Structure formats: C-alpha cells, structure tokens
> 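Sending over a structure as structure tokens; questions will come in a sec.
As the structure is a computational prediction, the values presented were derived from the model and not from experiment.
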Amino acid sequence: MDIRAAVVEASNRPMVIRSLTIEPPRAGEILVRLVATGVCHTDATMWQQGVPVPLPVVLGHEGAGIVEQVGDGVTDIRPGDPVVMSYNSCGSCPTCCSDHSSYCHEFFPRNFFGTRPDGSTALATSDGSPVFANIFGQSSFATHAICHARNTVVVPEGFDLRIAGPLGCGILTGAGAVMNALQVRPGQSVVVLGAGSVGLSAIMAAKAVGATTIVAVDLNPERLALAAELGATLTIDGRTDDPVARVLETVPGGVDHALDCTGLPAVIQQGIAMLGVRGTCGIVGAAAPGTLFQADVSHVMSGGRTIRGIVEGDADPKRFIPQLIALHQAGRFPFDRLIRFYPFDAINDAFHDSESGVAIKPVLLFE
C-alpha cells in the first residue's frame with residue numbers, strides 16, 4: 001500500500017515528505033496507522049549521524065495509532081486496537097529473559113540498524129528502491145508503520161492517542177529511571193539534572209512515589225518554573241548558582257538519588273558530588289562514545305555510593321506504559337503538559353523548536 005513518510009536523505013538537509021510503499025506485516029509483525037508520534041532528541045542524533053544509521057531512512061520511535069493488520073502468530077493484538085509503540089528487543093537473550101529488555105543484547109541492531117534481522121526493509125520508493133526503516137522497531141515518522149508484537153502496547157479504549165506516543169520512549173525513560181531503576185521510595189530526596197521531557201517526567205514520577213525533596217537543575221527559567229508546578233520542591237538555575245552547594249545547603253548529608261538527563265561530564269560529576277551515603281547517581285543522558293567523566297574515588301568508595309547507567313527507564317513497556325496511563329488518569333502524572341502539537345508536514349519545524357528549547361515534547365499529528 002502507499003503511505004506518506006518523512007525521509008532523511010542526508011544528514012545536512014531537512015527531512016522530505018515522500019510517497020512510499022509499505023509491505024504487509026510478516027509473521028510477528030503489526031501494521032499500524034499512525035495518529036500521532038513524538039519527536040525525540042535521539043531522532044535528531046540519528047538524523048545528524050551522531051548515532052550512524054543507513055540512508056535514506058525513516059526515523060521516529062514514539063508512535064501511537066490504530067492497528068490495521070497483524071501477521072501470523074500475533075495473538076494478543078488485533079485490528080482496531082489502539083496502541084503505543086516502544087523500543088524493540090529480541091525476547092530471548094539473558095537480559096530479556098530476566099525482565100530487563102531495555103538492555104537487550106541485540107538492542108542496537110533491532111533499534112538502530114534500519115532493517116529487520118534478515119536485512120530487509122518494509123519500505124520502498126515507487127521504483128522499488130529500498131528505504132531503511134524499522135528504527136526502534138517502528139519508524140513512526142510516516143502515516144503507517146510496521147512494528148512488532150514485542151514493542152506494541154495496547155492502551156485503554158478512549159485514551160487520547162494524540163498524547164500517547166511519548167509514553168513509548170521519552171516519558172517512559174524519565175519516569176522509569178525514578179520508579180524502576182533508582183526505585184525511589186517515599187520520603188527520599190532526588191535531584192534531576194536537566195528539565196527537558198525526560199527530566200520533567202522524572203520529577204512527576206518522584207512526586208508520584210512520595211519523594212519529599214525533589215530538586216530540578218536547569219539553565220532555562222521557564223522549564224524550572226514548570227518543574228516547580230509539576231512537583232519540584234527546589235529549583236536551581238545552573239547559570240547563576242552552584243548546584244552542588246545549593247543542594248548540600250538544603251540536604252547537608254547529601255541526597256539519596258541524582259539523575260543526569262544531559263550526558264554532560266561536568267553535570268554528571270555534580271550529580272555524584274551531591275550524593276549522600278549509599279546514594280545513587282543514574283545516567284540517562286546520552287553522550288558520544290569515548291566521552292569520559294571524573295569522580296572522586298574516595299567519595300564514591302567510602303560512602304558506598306553507586307553510579308549506574310539507565311536505558312529506557314529499565315522498563316518493560318507492556319507493563320510500565322499501562323501503569324503510567326493509570327497514574328495519568330488518576331491525575332498524578334500530568335505528562336500531557338509537556339506536549340506541543342504540530343501537523344506532520346511541519347516535522348522540520350518541530351525539530352527546530354525542540355532543539356532551540358521552544359517546545360519540550362513536540363508531537364506530530366496525522367490526519
């Protein structure tokens with residue numbers, strides 16, 4: 001069938017809306033008609049080849065829509081189901097089998113290589129030339145996407161699919177870092193370094209689980225103001241204040257948890273310096289391979305402090321996304337406040353506004 005998709009043809013050129021053909025779903029696959037899809041910084045990184053992906057390619061990995069067809073062997077998802085698409089995983093490696101699929105041994109090939117495991121792609125131009133797809137098992141910058149039974153989550157009937165897409169990655173990452181990876185408990189203290197969509201999701205999650213000291217650090221006063229509305233008990237402007245000194249004034253013994261959402265070595269080092277005894281610094285911010293940070297060995301060792309990486313919020317999407325939806329419906333996780341809508345044809349504007357800070361979480365809407 002014919003679809004419309006935003007194609008990256010070169011890293012230094014805007015995406016172009018093209019007419020493409022899409023194959024019907026194979027065994028274990030699902031064809032979804034997109035209602036909306038989020039725009040994520042990871043898409044921009046792939047577009048600019050910070051994480052190399054083959055070209056031409058259709059990106060997008062926060063899609064939400066309606067199932068139109070299912071392939072052989074798909075039994076728990078049916079045509080007509082409203083769904084959110086998340087990251088892909090193999091389902092059979094040791095980490096997938098231990099319910100930590102975000103650390104799948106095949107995470108990179110199944111999410112970044114732009115093909116199915118057999119090297120094929122479901123998209124092509126009108127003359128039959130292949131277009132790479134299957135990014136995060138979906139490539140949702142298109143009117144239709146082929147995804148997989150493992151990375152497709154059925155959501156409740158009536159839930160607004162226009163806001164559902166970011167639950168598949170950005171929102172899931174921030175909330176999951178707090179609730180799954182760091183396992184923040186009631187009464188604990190949390191510092192979130194970087195108040196973008198991931199960081200603000202972490203702040204909302206920290207409030208939802210009962211953290212009593214929630215600190216937001218950023219350089220953007222408007223985002224800090226929103227962080228305060230969403231649950232931060234203290235906001236720190238990193239342009240004018242020393243975040244470590246301010247945090248230790250508030251919590252003299254150091255905090256239980258720090259979460260870096262920037263990937264910047266200097267900021268990670270601040271997060272480690274803020275930790276109290278047996279505190280944990282989680283890192284969700286991506287950085288180029290080879291990026292290094294320093295830590296005071298005595299500070300880490302003597303206090304039993306932990307530094308850990310976190311991918312996709314250490315979340316199983318099929319379990320965690322319904323939990324986030326339930327929290328939202330209960331009024332305890334208002335992630336829709338982060339969203340700004342754009343028509344699909346304005347995809348390049350959405351990326352510009354995301355990179356410039358005009359929009360926290362752009363979401364593209366399809367007709």
Side-chain angles (χ1 to χ4, degrees), residues 1 3-5 22-40 43 58-91 96 101-102 104 110-111 116 122-123 133-173 175-176 201 312-313 315-329 333 335-336 339 341 344 361 363-367:
M1 63 180 289
I3 68 169
R4 297 174 70 239
I22 191 168
E23 295 180 354
R26 297 182 181 181
E29 294 182 341
I30 298 165
L31 175 66
V32 173
R33 174 178 58 80
L34 272 295
V35 170
T37 185
V39 167
C40 178
D43 293 308
V58 176
L59 302 175
H61 65 279
E62 291 183 342
I66 304 295
V67 173
E68 290 204 339
Q69 298 179 42
V70 300
D72 292 343
V74 178
T75 58
D76 59 341
I77 299 171
R78 299 175 177 82
D81 282 345
V83 296
V84 169
M85 295 175 280
S86 190
Y87 68 87
N88 200 14
S89 57
C90 74
C96 284
S101 56
S102 64
C104 174
R110 289 183 181 263
N111 291 282
R116 299 181 175 105
L123 299 183
N134 199 46
I135 296 297
F136 277 68
Q138 54 183 284
S139 287
S140 59
F141 290 161
T143 55
H144 293 75
I146 291 288
C147 57
H148 307 268
R150 278 194 60 78
N151 73 321
T152 306
V153 182
V154 178
V155 301
E157 290 285 349
F159 188 73
D160 188 355
L161 288 176
R162 297 177 306 160
I163 67 171
L167 291 170
C169 184
I171 308 299
L172 169 141
T173 295
S201 298
E312 297 288 351
D316 174 353
K318 287 185 181 288
R319 287 202 297 261
F320 194 56
I321 289 174
Q323 293 175 22
L324 295 180
I325 290 174
L327 282 172
H328 178 270
Q329 292 175 325
F333 190 71
F335 71 92
D336 53 298
I339 290 173
F341 294 115
F344 177 50
K361 174 53 69 175
V363 169
L364 305 172
L365 297 179
F366 298 83
E367 293 180 357

> Quick one: closest heavy-atom pair of A175 and L324, and the distance?
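Nearest heavy atoms, A175 then L324: CB-CD2, 3.8 Å.
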> Please find the pair of heavy atoms, one from E157 and one from G80, that lie closest to each other, and give the distance.
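Where E157 meets G80 most closely, the heavy atoms are OE2-O, 4.3 Å.
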> Below 4.5 Å, heavy atoms only, C-beta onward: do C169 and Y87 meet side chain to side chain?
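Side-chain contact under 4.5 Å: no.
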> Hey, what do you get for OG (S140) to CE (M85), rounding to the nearest 0.5 Å?
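One finds 5.5 Å between OG of S140 and CE of M85.
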> Can you name the nearest heavy-atom pair linking V363 to A36, along with the distance?
CG1-CB, 3.9 Å
> More than 12 heavy atoms of other residues, nucleotides or ligands under 6.0 Å from CG of D72: yes or no?
no
> Is it true that S89 and R150 share a donor-acceptor pair across their side chains at a distance under 3.5 Å?
yes
> Does K318 come within less than 4.0 Å of D316, counting only side-chain N to carboxylate O?
no
> Any donor-acceptor pair under 3.5 Å linking the side chain of Q323 with the backbone of F320?
no
> Do Q69 and P79 have side chains that approach each other closer than 4.5 Å (heavy atoms only, starting at C-beta)?
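In short, these two side chains do not touch, never coming nearer than 4.5 Å.
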> Measuring from F136:CZ to E312:CD, what's the distance to the nearest 0.5 Å?
5.5 Å
> Consider side-chain contact (heavy atoms from CB on, under 4.5 Å). Of I325, D81, L167, D160, which one does V155 pass it with?
I325
> State the CZ-OG1 distance between F141 and T37, to the nearest 0.5 angstrom.
5.5 Å
> Verify, without hydrogens or angle tests, whether E62 (side chain) and C40 (backbone) share a donor-acceptor contact under 3.5 angstrom.
no
> Could you go through H148 and N134, starting from their C-alpha distance and side-chain angles, then the distance that decides it, and tell me whether this counts as side-chain contact (heavy atoms from CB on, under 4.5 Å)?
CA-CA 9 Å; H148 307 268; N134 199 46; 2.7 Å; yes
> Quick check for you: to the nearest 0.5 Å, what is the distance between S86 atom OG and I321 atom CD1?
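Going from OG on S86 over to CD1 on I321, the span is 4.5 Å.
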> Is the backbone N or O of G63 less than 3.5 Å from a side-chain atom of Q138, with the two atoms forming a donor-acceptor pair by type?
yes
> Would you say that L364 contacts V39 through its side chain, given a criterion of any heavy-atom pair below 4.5 Å between the two side chains?
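In contact.
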> Would you please name every residue forming a side-chain hydrogen bond (donor to acceptor under 3.5 Å, both in side chains) with D43, sequence neighbours left out?
H61
> Hey, what do you get for CG (N151) to CG (N111), rounding to the nearest 0.5 Å?
8.0 Å
> Of the non-hydrogen atoms in H328 and D336, which two are nearest, and what is the gap between them?
NE2-OD1, 2.9 Å
> Hey, could you give me the CD1/SG distance between I77 and C147, rounded to the nearest 0.5 Å?
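Answer rounded to 0.5 Å: 7.0 Å.
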> Are side-chain heavy atoms of M1 and L31 found at a separation under 4.5 Å?
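Yes - at least one pair of side-chain heavy atoms lies under 4.5 Å apart.
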> Please assess R78 against V70 for the test side-chain contact (heavy atoms from CB on, under 4.5 Å), listing each intermediate value before the final yes or no.
CA-CA 7 Å; R78 299 175 177 82; V70 300; 5.8 Å; no
> Just do the side-chain contact (heavy atoms from CB on, under 4.5 Å) check on F335 and I163 with the steps written out, would you?
CA-CA 9 Å; F335 71 92; I163 67 171; 3.9 Å; yes
> Begin from the C-alpha positions of I66 and V83 and carry the test side-chain contact (heavy atoms from CB on, under 4.5 Å) through to its verdict.
CA-CA 6 Å; I66 304 295; V83 296; over 6 Å; no
> Grab the two heavy atoms, one from S201 and one from F333, that are nearest each other, plus how far apart they are.
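In terms of heavy atoms, the two residues are closest at O-CE1, 3.7 Å.
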> Holding to side-chain hydrogen bond (donor to acceptor under 3.5 Å, both in side chains), I want the full list of residues that pass it with T152, two or more places apart in sequence or in another chain.
none
> Does the cation-pi check pass for R4 over F344, that is, NZ or CZ under 6.0 Å from the six-membered ring centre and within 45° of its axis?
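Negative - R4 is either too far from the ring of F344 or too far off its axis.
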> With P166, which of I171, L172, V84 fulfils side-chain contact (heavy atoms from CB on, under 4.5 Å)?
I171
> If you take all heavy atoms of S101 and P317, which pair is closest and at what distance?
OG-CD, 4.4 Å
